[in-house]
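Single-structure report; data block below.
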Amino acid sequence: MINFQSIKLPIVSQLAQIKQLLQQHSSLILQAQPGAGKTTLVPLALLDCIPEKQKILLLEPRRLAAKNAAYYMAKLLNQNVGDTVGYRIRHESKVSNNTRIEVITEGILTRMLQTDAELPSVGLIIFDEFHERSIHSDLGLAFAIDVQQALRDDLKLIIMSATIDTQSIAKLLNNAPCVQSEGKIFPVEIIHHPPPSQTSWQSHLCHTIIQIINNDIKLTQSTTLRSSENLLVFLPGVAEIKQVETQLAQQAANQTNIRVTPLYGSLPFNEQQIAILPNANYRKIILTTNLAESSLTIEQVDCVIDSGLVRQSVFDPNTGFDRLVTQKISQASANQRSGRAGRLKAGICFRLWHQHETLRAQSIPEILRTDLMLPVLELSHWGVTDLHQLALLDKPGEANINQAQSILRQFNALDNSDKITAYGIQLLTFGVHPRIAHLLSCSLANECLDIACIIAALLEDNTRKEAINFANLLIDVIEKLHSPKGQAITILKHARNLYQTVKKQAQTAQGKSLCLVRATQQLSQASSILAYAFTDRIAKKRGNGYQLVNGTGAQISSSEHFNATFIVITRLGGSSQPAKIFQAIEIPLPVLEKQFSHLFKTQETVIWDQAKKQVVCEQQCYFGAIQLSVKPLSNTNQHQRQTALLEGIRNNGISILPWDESLSQWCARANLFFKLQQNNFDSDNISTDKILTDAIPTEKSFDFTEPGLIATLDDWLMPYLINIKQLSDITPTLLFNALKAQLTWEKQQSLDRLLPERITLASGTQAKIDYTQGEKPVLAVKLQEMFGEHHSPNIADGQISLIIHLLSPAQRPLQITEDLASFWQNSYQQVKKEMKGKYPKHPWPDNPLKAKATNKTKKMLNQ
């Protein structure tokens, strides 16, 4: 038994309260600061709170944290790992029949629940470091709450973290109580130390590290603390770790007591332990990702250097893919990172950003920012087709859900109702992402499982690959696997584990174990294998970039030569548009035609081409949204041509037609004609012998305005497009005939009589009437041609007086009037005074009403 009181950790004082509350409630929240001892002491203390035949599951978000927690608890019990305390992570476990505390990674819990939802052998599930909010932790908690409410009211749940929103979680857990514990944290001085302008943050970071180890850092603050222990440096990803490691190797080559040790998730366990465990022989500069923010106790660290950056997957619904985005950390993460400097004694944290910069309070949960294929498949297997039906802290967006469901349906993992299929259940048993599982399953069927497992291990290895061509990378890796060192050992181990998993789940009779010789022989099938996993990332060369099968574009991110016509993209991301292709492999078109025949389609299209402003008739061959070939069609359906032509007219307006002034005038006349009809029809004083009796509407009026004509193209223009193949075949005469056909012969006659195109003036001139100027027609005429006219001329049997534009001999407006008599009486003499000297050759009589109307000069009149 452990004497907890002898352990000087803050959580010890809360253990009694935790036990009491857990007996009274089904769920509990424990908010304990870093260094409180919650990860290892709480599970040990609660062993006597559950039945002897049941165990405690302790969930850790990372494999390294899970193993270290198990080893530390076993050490406290003076036992070996696998006895009372064991661990179970992907492809590795140390448990026995005596194991009562099982430290597992979050995905393991999901598999256990899907296998047996009741979990009869489990009495308590502890979710540690829940603030990291991985998809698996959110799903695991949602499933556990479901089990607790429907199947196991005796199942206990504890949520533990230093930085969580206790109010939201308490609401999710039916108002569960919360216990708070202080951490064993010494004072940490925060120094904001941003890079100078024109200096990259990587160079500034390396320079800062060298200054710290030389005790030569110069700050504007009066710093009282100096680092004498190990340095913990937080970087956004593995690529930056390697870059900084290289720079430090050059700059600190003469520092024999300094050792640079990387620390990230895919690093082999023994190399991770070098970074974590104390060593009195040298001082360490530990270069890590957000892996070291929580869960891990890293010995002898009193100085943290925080880049303030993290690299995360972010789903882009516009492209349908995750993008790797480097972004600012949250304030919660910044607090976690700085706290690492105060575990053993007072420490210091250098933050490489300005103090006035505002960080978001909490990190964005993975379920809100990343690909949802795995959770959607898991939920469907759980019996839920709608993520909103489950007890989730955050509900993901519909676009992400729909994208995931669409791809899973393509894999045949979901049916058309988004319910899981037998094949989908099989994919889940592989314990990998559905893309990888589908790749492995298809490769098994095609007898190329050896190379497929190596490919899958490479795809799941999240260290950055420099080679743009996946084929070159694969060849290089297979060569290294024959005598594996470093990362190659991890890849080979993972590939072998995958091989055995697939063999076990599929009960196949293929080789007993992964064979590198067979894998080499299967290299030619690599692109075909990858196409199964990334069917939606098959792309074709287009200009300087590529077009994906879903229609979106992408650009090669590297200057390395890669110019294949068809590729399968294995790494796609970047924060800009279009997306960046970081890695791809060439795939021959015949392979695509054989493997994805269902995605090839040939269609005949008759469409309006807006760029060419014409109807285009083509036979088009597509692979998904990628156009492979186009051939012109000569014999096409007449109705399709007419429809496409009308679509072009609708898009561009009447102006695209050979529309002339006479057509505009006719349409204006026709509209006025129908207005007259309606006015006379509506009038109470209409008589049976009125001149417009023959024009009283007996059917619906036609709208000859441009919007009206566009809206009724099918009615008036379509019948006249027989044998019309292109826009240029349409003539003004065709349009005029089409328009006139909307009026009966009687109405055409009435239109011409009541609203004539021209009117005969007293001078004998046939003057044109303009019907397009406004509500009333306009007669533009030389003033001298109206001599002798006492009143303004009218049309429509006197119903409409024309608006007269009286013009000078130079055809410039002198007066606009609808009352000619008033003009002669009031304005004429002033006009005469101004114009007589300017145009002396033209008559300007004193009494225009007694003068003869004329369009001639005085000389011509005299002759």
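Values below: all heavy atoms of this structure, side chains included; hydrogens, waters and symmetry mates excluded.
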Pair N652-Q610, side-chain contact (heavy atoms from CB on, under 4.5 Å): steps then yes or no: CA-CA 9 Å; N652 293 275; Q610 184 63 21; 2.7 Å; yes
Modelled atom types, side-chain donor and acceptor of Q642 and D714, under 3.5 Å: no
Ring pair (Phe, Tyr, Trp, His ring centres under 6.0 Å) partners of F600, counting only residues at least two apart: F623
Partner residues of P375 under the side chain to side chain contact (heavy atoms under 4.5 Å, CB included) criterion, sequence neighbours left out: I135, L139, L372
D536/R435 under salt bridge (charged side-chain N to carboxylate O under 4.0 Å, His left out): CA gap, chis, key distance, verdict: CA-CA 11 Å; D536 53 330; R435 285 188 188 272; 2.8 Å; yes
Y720 side chain reached by I730 side chain, heavy atoms, under 4.5 Å: no
Distance-only polar pair, side chains of D819 and T817, donor-acceptor under 3.5 Å: no
Side-chain touch N855/Q784, heavy atoms, less than 4.5 angstrom: no
Could you give the side-chain donor-acceptor pairs of residues 805-815 under 3.5 Å, partners two or more places apart or in another chain?
unit_1: S808; atom_1: OG; unit_2: A810; atom_2: N; d: 3.2
unit_1: S808; atom_1: OG; unit_2: R812; atom_2: N; d: 3.1
unit_1: S808; atom_1: OG; unit_2: R812; atom_2: O; d: 3.4

Over 12 foreign heavy atoms within 6.0 Å of CG, N544: no
Derivation and outcome, side-chain contact (heavy atoms from CB on, under 4.5 Å), residues L727 and K613: CA-CA 8 Å; L727 191 66; K613 293 290 192 295; 5.5 Å; no
Atom pair OH (Y828) and CG (N847), whose distance is rounded to the nearest 0.5 Å: 9.0 Å
W716 vs L739 side-chain heavy atoms within contact, under 4.5 Å: yes
Result of checking F704, Y771, F702 against C667 for side chain to side chain contact (heavy atoms under 4.5 Å, CB included): F704
Without placing hydrogens or testing angles, list every side-chain donor-acceptor pair under 3.5 Å for residues 586-598, not counting sequence neighbours.
unit_1: Q595; atom_1: OE1; unit_2: S528; atom_2: OG; d: 2.4
unit_1: Q595; atom_1: NE2; unit_2: S528; atom_2: O; d: 2.9

Nearest heavy atoms of K782 and K856, plus distance in Å: NZ-N, 4.3 Å
Contacts of T857 that satisfy side chain to side chain contact (heavy atoms under 4.5 Å, CB included) - sequence neighbours left out: H842, K859, M860
Side chain S750, main chain E746, donor-acceptor under 3.5 Å: yes
Evaluation steps, side-chain contact (heavy atoms from CB on, under 4.5 Å), between I581 and I567: CA-CA 10 Å; I581 301 171; I567 61 173; 4.1 Å; yes
K740 backbone acceptor or donor facing Q748 side chain under 3.5 Å: yes
All side chain to side chain contact (heavy atoms under 4.5 Å, CB included) counterparts of D715, not counting sequence neighbours: T712
From OG1 (T643) to CZ (R650), nearest 0.5 Å: 8.0 Å
Exam field: side chain R758 to backbone Q766, donor-acceptor pair closer than 3.5 Å: yes
Note, D797 side chain near R753 side chain (heavy atom, < 4.5 Å): yes
I710 side chain near I649 side chain, heavy-atom distance below 4.5 Å: yes
Pairwise side-chain contact, E604 with N637, heavy-atom cut-off 4.5 Å (strictly under): no
T535 OG1 to H438 NE2 distance, which is reported to the nearest 0.5 Å: 5.5 Å
Minimum heavy-atom distance between A625 and N550, given as atom pair plus value: CB-C, 3.8 Å
Non-hydrogen atoms of S380 and D418 that approach each other most closely: OG-O, 3.2 Å
Donor-acceptor contact present, side-chain W844 to main-chain Y839, <3.5 Å: yes
Heavy-atom pair with the smallest gap, counting every atom of K858 and P843: CG-N, 3.6 Å
Check: T765/S763 side-chain N/O donor and acceptor closer than 3.5 Å: yes
Whether E706 side chain and G653 backbone form a donor-acceptor pair below 3.5 Å: no
Check: E818 main-chain N/O paired with S801 side-chain donor or acceptor under 3.5 Å: no
Close side-chain approach of V549 to K540, heavy-atom, < 4.5 Å: no
Residue pair Q799 / N794, side-chain donor-acceptor N/O under 3.5 Å: no
Plane angle bin for F787 and W824 - parallel if under 30°, tilted between 30 and 60°, otherwise perpendicular: tilted
Evaluation steps, side-chain contact (heavy atoms from CB on, under 4.5 Å), between L779 and L761: CA-CA 10 Å; L779 179 67; L761 303 178; 4.0 Å; yes
Reported CG-to-CD distance for the pair D770 and E757, which is rounded to 0.5 angstrom: 12.0 Å
Nearest atoms (heavy-atom pairs only) where L408 meets M373: CD1-O, 3.5 Å
Residue from L713, D729, V606, V615 passing side chain to side chain contact (heavy atoms under 4.5 Å, CB included) with L645: V615
F566 and K541, any side-chain heavy atoms less than 4.5 Å apart: no
Rounded distance (nearest 0.5 Å) linking atom CG of L802 with atom CD1 of I759: 5.5 Å
NZ/K395: more than 12 non-hydrogen atoms of other groups inside 6.0 Å: yes
Flag if over 12 foreign heavy atoms under 6.0 Å of NZ, K631: no
Inter-residue atom distance D703.CG - N671.CG, 0.5 Å rounding: 5.5 Å
For E775 against L672, the heavy-atom pair lying closest together: O-CD1, 4.2 Å
More than 12 heavy atoms of other groups within 6.0 Å of Q825 CD: no
